[in-house]
Student: 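Submitted below is the structure of interest, expressed as C-alpha cells.
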Amino acid sequence: MRDALAARDISTVYRLLRMHGISQRQIAAMTGQSQSEVSEILKGRQVMAYDVLARIADGLGIPRGYMGLAYDETTAVQVAGVAGGQQAEEDESVKRRKFLAHAAQVTMGAAVFGPASEAWTASPARTPAPGRIGMTDVRQVEAATRALRALDYQYGGGFCRDAVVAQLSWGQQMLQASGTDVVKSRLYVALADLHSLAGWTSFDTGLYDAARSHFAHALDLAKQGENHPLVANVLYRMGRVYLHQDAPNDALKLFQLGQIAAQESGSELAVAVLCANEAWAYAMMHNEDQAIKLLNRARDEFARADLANAESWVQFFTETDVYAMVGTVHTVLAQKVDVAHTRYAIPALTRAVESYGDDMARSKTFNLSALATNHLLDGDIDHGAKVGGKALDVAEGLKSARIKDRMEPLRQEAERRRNNPDARGLLERMGSIFAA
C-alpha cells in the first residue's frame, strides 16, 4: 500500500482496498467519486489531477505526504490546530466517543483502516526525506524527541510545540522511504512517540482537537510497531486530556483500555501508571473506595517494577511521581468526599515537591498548587498562601495553558476565605498573573 501511494498508483490502492473487503460503493462514498469513476480506476485509469489525488487522500484518511503531495495551507492549519485556538464545531462529547471507539479498535486488535475509520489529521512534510533509511536516521528522531520532551517538562508545551510539529513533519515523510523490516518497525515506534509528544504539547497549549489527532496517529503507529507499553502510554495521556476536561468517565474508559495494553506488555511500571490515573478518575467521580484500592495497587505494581529496564516512555514515572499521584488523588477526595484526606495528601505532596528539580517545573507547579489547596482546606491559611505564592513563582516561567485550570481549586478555596488578608493577597496575585 505504501509503495502504491508513493507512486500515486490509485488503481493498485483501490484494488488493495477491495481485497480487504471494502466495496466500490464505500470507496466512492469516502472519496467523493461516482462508482463508475472508481470502477474505471480499478480497471487501470490513471489519476493525475492534484485536487483529485488530495481528495482521495483526505477521504481515505491517508496523510497527503504518503503521495508526495505538497504541504498546502489547509494541511498546515490541520497540523497546527484550528486558527485562533478555536475548536471545531462538533460537540466535544461526540469527539470523545469517536476517539474512544478508535482507541478500542487499536487496543483490541481490530483493523485500524476501514470504512468506519476516522480520518485523523495528517502531518506531511516539506523537506525531502532520504529514499532509504537506516537505524541512524531513526536514532535521530528518537534523540530529537528526548530533547523536545525535556523542554516540555521544563518550560511547558507552548515553548516547544511548533518545534515538535516541525520535527514530526520531517519524520512522517520517512515512512515513505525504504528500509529493513527492523528499521521500519523501530521507525513506527519512534514516530508514535513523537506524535504522542505532539499530542501532549498540543494539550498543554489548549489545542484539544490537535491533541486528539496526534494521539490517534500515535496509537496507530505504536500498534504497527507492536509496542504495547507505548499504546498504554498514549491511552494514559489522552485519558489525562479528558480528566482535564472534567470528563472522568470517558477518561476512565481510556485508562482501562490502556490497562489491557499495559498488562499485555508485562510492564509493571506501565500498569502502575494506569492504576494511579484510574484512581484519579474514580476520585473525581466521588468513588472513594475504588480510588484508594487503585492507589494501593499502583504502589504495589511500582514496588515490583524493573525500573532499570523499563521502556523509555514510562521511565518518567518515578517514586516522586508516585507521591505526586497519591497526593493528587487525596486532594480530589478532600475536596469532593471528606476533608480528612488532607492528612494523606499533605505529606505526599510535600515529598513530591521537595524531589522535583527545575527540569520538572510544570509538575512542581501543579503539586505546589495542590499542596496549598490542602493547607487552606486544613485551615492553615497563612501557610497555604505562602505555598500558593511559591506555585505562582514557578508558574510565571512556564508556557502552559493548563496552569490556570490546575490552579482553579486553589483559587476557589482562597475565594472562600477572602476575608483573610493572606488569602486575599494570593487571590490578587493570581488575578494579575492570569489576566496578563
Side-chain angles (χ1 to χ4, degrees), residues 103-104 106-109 149 153 189 192-193 196 200 215 218-219 222-223 225-243 248-285 287-333 341 344-345 347-356 360 363 366-367 370:
V106 172
T107 308
M108 304 306 290
R149 180 168 279 126
Y153 282 143
V189 174
D193 194 28
S196 181
W200 193 250
F215 285 134
L219 275 180
K223 189 70 172 182
E226 298 181 351
N227 195 293
H228 295 299
L230 185 52
V231 169
N233 187 272
V234 173
L235 291 169
Y236 139 71
R237 292 185 183 278
M238 193 62 211
R240 286 289 290 267
V241 175
Y242 291 163
L243 281 187
N249 194 42
D250 289 324
L252 182 61
K253 291 172 185 174
L254 286 177
F255 294 147
Q256 289 169 339
L257 281 173
Q259 193 66 264
I260 294 171
Q263 290 171 4
E264 285 181 358
S265 75
S267 169
E268 290 89 354
L269 191 57
V271 172
V273 171
L274 271 301
C275 284
N277 282 274
E278 286 176 76
W280 191 350
Y282 275 118
M284 289 179 67
M285 295 160 68
N287 192 330
E288 182 180 14
D289 291 342
Q290 279 294 97
I292 299 302
K293 178 182 176 181
L294 281 155
L295 263 189
N296 290 334
R297 187 182 170 199
R299 285 198 192 97
D300 292 342
E301 296 287 350
F302 181 82
R304 291 203 303 272
D306 181 3
L307 303 181
N309 296 306
E311 295 276 356
S312 60
W313 22 86
V314 288
Q315 286 179 355
F316 76 92
F317 198 70
T318 64
E319 186 179 33
T320 300
D321 293 279
V322 174
Y323 283 113
M325 288 301 297
V326 169
T328 297
V329 171
H330 281 291
T331 299
V332 175
L333 291 172
H341 280 276
Y344 304 109
L349 290 167
T350 300
R351 178 77 174 266
V353 166
E354 289 172 348
S355 300
Y356 280 130
M360 297 291 288
S363 295
F366 292 161
N367 282 271

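Numbers here are sequence positions counted from 1.
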Student: For the residue pair Met325 and Ala276, what are the closest heavy atoms and their distance?
Tutor: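 That would be CE-O, 3.4 Å.
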Student: Do you know which two heavy atoms are closest between Ala192 and Ala222, and how far apart they sit?
Tutor: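 That closest heavy-atom pairing would be CB-N, 3.5 Å.
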Student: Under the side chain to side chain contact (heavy atoms under 4.5 Å, CB included) test, which residues partner Asn309, sequence neighbours left out?
Tutor: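 In terms of side chain to side chain contact (heavy atoms under 4.5 Å, CB included), with neighbours along the sequence ignored, Asn309 is linked to Asp306.
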Student: Is the closest side-chain heavy-atom distance between Trp200 and Arg149 below 4.5 Å?
Tutor: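 A side-chain contact is absent here, since even the closest heavy-atom pair is not under 4.5 Å.
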Student: Taking side chain to side chain contact (heavy atoms under 4.5 Å, CB included) as the test, write out the residues that go with Glu268, two or more places apart.
Tutor: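 Side chain to side chain contact (heavy atoms under 4.5 Å, CB included) list for Glu268, sorted by chain: Glu301, Arg304, Ala305.
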Student: Determine whether a donor-acceptor pair (N or O, by modelled atom type, separation under 3.5 Å) exists between the side chain of Thr331 and the backbone of Gly327.
Tutor: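 Yes: the side chain of Thr331 pairs with the backbone of Gly327.
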Student: Quick one: list whatever passes side chain to side chain donor-acceptor pair (under 3.5 Å) with Thr328, sequence neighbours left out.
Tutor: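 Residues passing side chain to side chain donor-acceptor pair (under 3.5 Å) with Thr328: none at all.
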Student: Do any side-chain atoms of residues 249-263 form donor-acceptor pairs under 3.5 angstrom with protein atoms, and if so which ones, sequence neighbours left out?
Tutor:
| unit_1 | atom_1 | unit_2 | atom_2 | d |
| --- | --- | --- | --- | --- |
| Asp250 | OD2 | Arg96 | NE | 2.7 |
| Gln259 | NE2 | Glu278 | OE2 | 2.8 |

Student: Mind listing the side-chain donor-acceptor pairs of residues 230-242 below 3.5 Å, one per line with the distance, residues two or more places apart or on another chain?
Tutor:
| unit_1 | atom_1 | unit_2 | atom_2 | d |
| --- | --- | --- | --- | --- |
| Asn233 | OD1 | Arg237 | NE | 2.9 |
| Asn233 | ND2 | Trp313 | O | 2.8 |
| Tyr236 | OH | Arg240 | NH1 | 3.4 |
| Arg240 | NH1 | Asn277 | OD1 | 3.4 |
| Tyr242 | OH | Arg212 | NH1 | 3.2 |

Student: Quick check: closest heavy atoms across Ala308 and Gln315, and the distance to 0.1 Å?
Tutor: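 Nearest heavy atoms, Ala308 then Gln315: O-NE2, 4.5 Å.
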Student: Does any part of the side chain of Asn367, heavy atoms only, come nearer than 4.5 Å to the side chain of Tyr323, both counted from C-beta?
Tutor: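 No. Closest side-chain heavy atoms not under 4.5 Å.
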Student: If the condition is side chain to side chain contact (heavy atoms under 4.5 Å, CB included), which residues does Met284 pass it with, not counting sequence neighbours?
Tutor: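 Here the qualifying residues are Leu243, Asp246, Pro248, Trp280, Val332.
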Student: Only counting residues at least two apart or in another chain, list the ones meeting side chain to side chain donor-acceptor pair (under 3.5 Å) with Glu226.
Tutor: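 For Glu226, no residue satisfies side chain to side chain donor-acceptor pair (under 3.5 Å) once neighbours in sequence are set aside.
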Student: Side chain to side chain donor-acceptor pair (under 3.5 Å) with Tyr344: which residues, sequence neighbours excluded?
Tutor: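 If we apply the side chain to side chain donor-acceptor pair (under 3.5 Å) test to Tyr344, skipping adjacent residues, there are no hits.
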Student: How far apart are the C-alpha atoms of Val271 and Arg297, what are their side-chain angles, what is the distance that settles it, and do they pass the side-chain contact (heavy atoms from CB on, under 4.5 Å) test?
Tutor: CA-CA 9 Å; Val271 172; Arg297 187 182 170 199; 3.6 Å; yes
Student: What verdict does the side-chain contact (heavy atoms from CB on, under 4.5 Å) test give for Phe302 and Leu269, after you've listed the backbone C-alpha separation in whole Å, the side-chain angles of each residue and the deciding distance to 0.1 Å?
Tutor: CA-CA 6 Å; Phe302 181 82; Leu269 191 57; 3.6 Å; yes
Student: Identify every side-chain donor-acceptor pair in residues 288-296 under 3.5 Å, counting partners at least two apart or on other chains, and give the distances.
Tutor:
| unit_1 | atom_1 | unit_2 | atom_2 | d |
| --- | --- | --- | --- | --- |
| Glu288 | OE2 | His341 | NE2 | 2.7 |
| Asn296 | OD1 | Arg299 | NH1 | 2.9 |
| Asn296 | ND2 | Ile292 | O | 3.3 |

Student: Partners of Thr320 by side chain to side chain contact (heavy atoms under 4.5 Å, CB included), sequence neighbours excluded?
Tutor: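 Applying side chain to side chain contact (heavy atoms under 4.5 Å, CB included) to Thr320 gives Thr318, Ala352, Ser355, Tyr356.
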